[in-house]
Amino acid sequence: METFDFDVVILGGGPAGFSAALYSARGAASTAIIDISMLGGQPSNYLELENYPGMMKIGGYDLMEKFEQHADMFGVQKFPMQEIESVDLISNPKIIKTKEAEFRAKSVIIATGAKPMKLGVKGELEFIGRGVSYCAVCDGAFYQDKVVAVVGGGNSAVEEAMYLTKFASKVYIIHRRNELRADKIIQERAFKNEKIEFVWDSIVEEVAGSDLVTHLVIKNVKTNEISNLKTNGVFPYIGMLPNVENINGQMEQDAKGFIITDNTMKTSIDGVYAVGDVRNTPLRQVITAASDGAVGAVYATKYVQALKEVIV
Ligand code: NAP
């Protein structure tokens, strides 16, 4: 098994990870970025971003390609498709073991992002790939002229519902309240979209069908009325959970597992920083992930520099 030594190892190759890598490598720290899958993170699946400053409109994949090229300019070493087996953040150096290699790092920056929350109802897992999907951009085209339902009232639910109207004949947005959480500008666009119908004050109780999804059992939380909503597909967009497998419990986390940091992105462990969606943050955007990455990397490289001065 190969062993690698780096000043800074970054876990996760999304916007937070690449921004951290750029700042770390440019700050003269030897830097590696490790990802469990392909590099690019969540934005790689976004059709288009229109709120990354300076980029008026850009494909998510294209933006992440630019992030990667920028990190390449400063010699960041990239290790995609690394299945992480264990992470010891307390030891010095900190040790990350994957199936293929062992990485030793003076400082670790956690940028592993977040994943979609499940509804946790009967039929949801059973129908994944047969009507249940967590990625409209990946699966929307399968629903040409069909009826789909999106669950949730945040930016993701409403934006993805609008995206789905490109294919579907009708898109329900099922929301547990009678007011959306999404930004006003996004709400206004959705209200104008004739293919979207809102199902207010309602939750999904069951995803049902035979081979494929045929309907949802929904409950009106105000009247307790139960009804069937005919649909060919359901896209839950009800928020995110942090990707913290293998690192859970080593540092301070909130009730959902998001990592708690100070304003330098330092976690409760010396030399360990958390940036982007994986940390307890009020806003999960590419711009905030990139900003976190810059802050975390600057303080990680200061930490590494101080360690080197002690050793000398
Ligand atoms: P979010 O903002 O946390 O919204 C989650 C939605 O799901 C809320 O409307 C919530 O209802 C509902 N919900 C939560 N748990 C539920 C459950 N068990 N059953 C039914 N409904 C449930 O999550 P998000 O939309 O994924 O967005 C995450 C972050 O990314 C946010 O910061 C968002 O602004 C950002 N984002 C931004 C953009 C953009 O700016 N273009 C696009 C996508 C995402 P309540 O409202 O009642 O709590």
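Note that ligands are numbered from 1 as they come in the structure, with each ligand's atoms numbered from 1 the same way. Just so it is clear, the values below take in all heavy atoms, side chains as well, and ignore hydrogens, waters and symmetry mates.
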Within 6.0 Å of CZ in Phe79, more than 12 heavy atoms from elsewhere: yes
Contact atoms of ligand 1, heavy-atom distance to Glu159 under 4.0 Å: 41 (N), 42 (C)
Shortest protein heavy-atom distance from atom 34 (O) of ligand 1, along with the residue and atom involved: Asn155 ND2, 2.9 Å
Trace of the side-chain hydrogen bond (donor to acceptor under 3.5 Å, both in side chains) decision for Gln82 with Thr98: CA-CA 6 Å; Gln82 294 287 318; Thr98 71; 2.6 Å; yes
Heavy-atom side-chain contact between Phe258 and Arg279 under 4.5 Å: no
Ring centers of Phe191, Phe198 separated by less than 6.0 Å: yes
Closest to atom 46 (O) of ligand 1 (judged by heavy-atom distance), picking from Arg177, Met117, Glu50: Arg177
Other residues, nucleotides, ligands: >12 heavy atoms within 6.0 Å of Met1 CE: yes
Non-hydrogen atom of Ile203 closer than 4.0 Å to ligand 1: no
Over-ring placement of Lys78 relative to Phe18, 6.0 Å and 45° cut-offs: no
Derivation of the side-chain hydrogen bond (donor to acceptor under 3.5 Å, both in side chains) call for Gln305 and Glu309: CA-CA 6 Å; Gln305 188 56 38; Glu309 281 163 13; 3.3 Å; yes
Atom 26 (O) of ligand 1: the protein heavy-atom neighbour that sits closest, reported with distance to 0.1 Å: Ser156 OG, 2.9 Å
Tyr163 ring center within less than 6.0 Å of Phe235 ring center: no
Identity and separation of the nearest protein heavy atom to atom 9 (O) of ligand 1: Gly153 N, 3.0 Å
Protein heavy-atom partner closest to atom 48 (O) of ligand 1 - residue, atom, separation in Å: Arg181 NH2, 2.7 Å
Nearest non-hydrogen protein atom, atom 3 (O) of ligand 1: Gly239 CA, 4.2 Å
Under-4.0 Å heavy-atom contact with ligand 1, by part of Leu49 that carries it: neither
Pro282, any N or O under 3.5 Å of ligand 1 N or O: no
Residue, atom name and distance, where the atom is the protein heavy atom closest to atom 11 (O) of ligand 1: Arg176 NE, 3.1 Å
For atom 22 (C) of ligand 1, the option (of Ile238, Val121, Leu283) bearing the nearest heavy atom: Ile238
Pairwise distance CD1(Ile226) to CD(Glu205) - rounded to 0.5 angstrom: 4.5 Å
Short N-O contact, Arg189 and Glu50, less than 4.0 angstrom: yes
Those atoms of ligand 1 less than 4.0 Å from some heavy atom in Asn51: 39 (C), 40 (O), 41 (N)
Test of proximity, Gly154 against ligand 1: N or O pairs below 3.5 Å: yes
For atom 29 (C) of ligand 1, the option (of Gln285, Arg284, Glu48) bearing the nearest heavy atom: Arg284
Proximal atoms of ligand 1 relative to His175 (non-hydrogen, under 4.0 Å): 9 (O), 11 (O), 45 (P), 46 (O), 47 (O)
